[in-house]
Amino acid sequence: MSDSAVEPEDVRHVASLARVDLDDEEVDRFVEQFADILDYFETLDEVPAVDSETDLANVMRADEVRDSLDQDEALGNAPESEAGFFKGPKVS
Amino acid sequence: MSHNAYITDERIEGDDEGPLAGRTVAVKDNISTDGVRTTCGSAMLDDYVPPYDATVVQRLKSAGATITGKTNMDEFGMGTTTETSAFGPTENPAAPGHVPGGSSGGSAAAVAAGEADFALGTDTGGSVRCPAAFCGVVGIKPTYGLVSRYGLIAYANSLEQIGPIAPSVEEAAELLEVIAGPDEHDATTRDPAAEGADTDYAAAADGDVAGMEIGIPTELVEGADEQVVETFWDAIDDLEAQGASYHEVDLPSVEHAVEAYYVIAMSEASSNLARFDGVRYGPSPDYEGNWNEEFAGVREEGFGEEVKRRILLGTYALSAGYHDKYYKKAQDARAWVKQDFDEALSEADVLASPTMPVPPMEMGESLDDPLTMYLADANTTPVNLANLPAISVPAGETDDGLPVGMQLVGPAFGETEMIRAGSALA
């Protein structure tokens with residue numbers, strides 16, 4: 001899926017990895033656009049390797065119990081819930 | 001609300017007293033408001049009502065501000081024109097028929113139209129500075145870590161900051177003082193005082209640029225529209241007349257900033273937006289099939305095309321065999337950009353360029369060509385890659401009366417110098 005050689009099956013494969021269904025028209029548009037965009041991303045090849053300094057600080061805190069959302073609030077936006085749990089489709 | 005600046009037009013009252021008592025703030029719709037719908041401009045979150053306030057919203061309320069509503073934006077912050085919103089485009093009050101810029105277009109339009117005294121936007125690759133420039137107002141992208149992102153619905157965590165939009169530099173600085181500072185809920189925040197930084201932002205808006213040294217990165221001026229360049233140099237002349245001096249600098253790394261930005265932002269987005277599965281929030285899934293099939297169906301229905309494009313490209317850039325080619329090289333480019341900016345800022349107080357290389361586009365003009373739209377972010381994205389602060393201030397207008405913004409970039413946690421420089425113009 002580079003050097004402009006983007007095929008419809010490449011777009012469908014990535015869409016399935018990302019769990020996004022696409023209609024045929026979207027696939028056609030993405031085939032064309034991804035070729036242009038990936039060609040452009042290819043220019044990153046010209047970037048030299050750069051040593052970067054890490055600037056990290058320890059932000060760990062003690063693992064103490066704190067107030068948090070209650071169960072009803074946490075489930076408030078779920079389309080479906082049951083007995084205090086999120087309810088989703090069957091896994092397989 | 002004739003410009004479609006708001007998605008949700010609902011007032012939230014703050015405390016009776018405080019530095020912002022009696023004043024109004026419009027809040028971008030990707031910032032959580034307890035009990036008030038927060039959509040991110042997406043059909044996916046059409047009905048989502050957050051059960052808590054973002055830290056910045058709590059700080060606005062404690063400062064006495066009244067929130068006027070939740071403003072329109074490109075879906076999940078992905079756009080440069082506010083046209084990818086599921087709630088329709090916003091029109092630019094300062095340039096009728098033109099886009100307000102994006103992705104915080106509703107926030108800038110609300111301020112430009114006088115519908116709010118201030119606004120909050122978010123800036124991942126220019127999304128505060130671009131609409132500020134296009135709408136003729138002031139916008140600040142703070143240093144990474146200055147403002148808490150707790151309660152901001154994430155697009156690309158390593159790049160984004162919440163920032164103020166206001167009619168003047170002094171007012172934008174005043175709002176920055178209210179929202180800045182460490183937060184125990186966001187482990188990436190730092191205490192600017194502990195970094196030895198001056199945090200009296202509003203006091204820095206004194207317009208005193210005598211003796212100030214301005215660096216001008218040639219790469220960020222050369223490719224821009226002719227009238228934008230002309231307006232930019234006029235504003236530099238203005239600063240020079242007030243006692244500043246300037247020199248040009250080369251930043252070769254910025255030629256790769258846009259592609260590095262998009263690879264990193266899309267990669268982070270592909271991971272962040274995996275949470276929208278129709279189970280915890282989102283459209284009610286009533287499809288036939290197993291988890292994966294329903295998940296993919298909800299996401300087809302809930303996401304717009306630009307969001308799908310970025311999730312797919314990000315998934316691709318992180319997939320086996322391509323990670324080193326795209327994501328790792330983009331991280332190298334990011335380190336290079338940071339190095340270039342740090343060097344340039346060791347010999348200048350601020351760096352100046354046009355905020356946007358083009359004047360505001362006509363509505364509908366750029367929707368069909370994503371790559372052209374991405375390239376419009378050439379001057380703003382390097383600043384996010386370098387974790388630095390920047391401000392966009394009105395620099396003037398083109399012959400057709402379209403607003404042009406000047407971007408001023410400062411050193412990390414050095415917000416005061418760019419505020420001072422900007423306040424000499426607006």
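Note that the structure is predicted; figures quoted are calculated from it, not measured. Residue numbering restarts at 1 for every chain, and letters A, B, ... go by the order of the sequence lines.
Of all residues in residues 266-273 of chain B, those placing a non-hydrogen atom less than 4.5 angstrom from a non-hydrogen atom of chain A are B:Met266. Below 4.5 Å, heavy atoms of chain B meet heavy atoms from A:Val59, A:Arg66, all part of residues 56-68 of chain A.
Residue contact with chain B, scored on non-hydrogen atoms closer than 4.5 Å, involves the backbone and the side chain of A:Glu73 alike. The parts of A:Phe41 that come within reach of chain B are both its backbone and its side chain, each placing non-hydrogen atoms under 4.5 angstrom from that chain. A:Asp51 touches chain B through its backbone: at least one of N, CA, C or O sits under 4.5 Å from a heavy atom, while the side chain does not.
Between B:Leu312 and A:Leu22 the shortest heavy-atom distance is CD2-CD1, 3.8 Å. Nearest approach of A:Pro48 to B:Asp332, heavy atoms of both residues: O-CB, 3.9 Å. In terms of heavy atoms, A:Leu69 sits closest to B:Pro51 at CD1-CG, 3.8 Å. Of all heavy-atom pairs between A:Pro79 and B:Pro283, the closest is CG-O, 4.1 Å. Closest non-hydrogen pair, B:Gln339 versus A:Val50, comes out as NE2-CG1, 3.8 Å.
Ranked by non-hydrogen atom pairs under 4.5 Å with chain B, the options A:Gly88, A:Ala15, A:Ala74 are led by A:Ala15. Contacts with chain B were tallied for A:Ser16, A:Ala49, A:Gly76, A:Ala78; A:Ala78 has the most, counting heavy-atom pairs under 4.5 Å.
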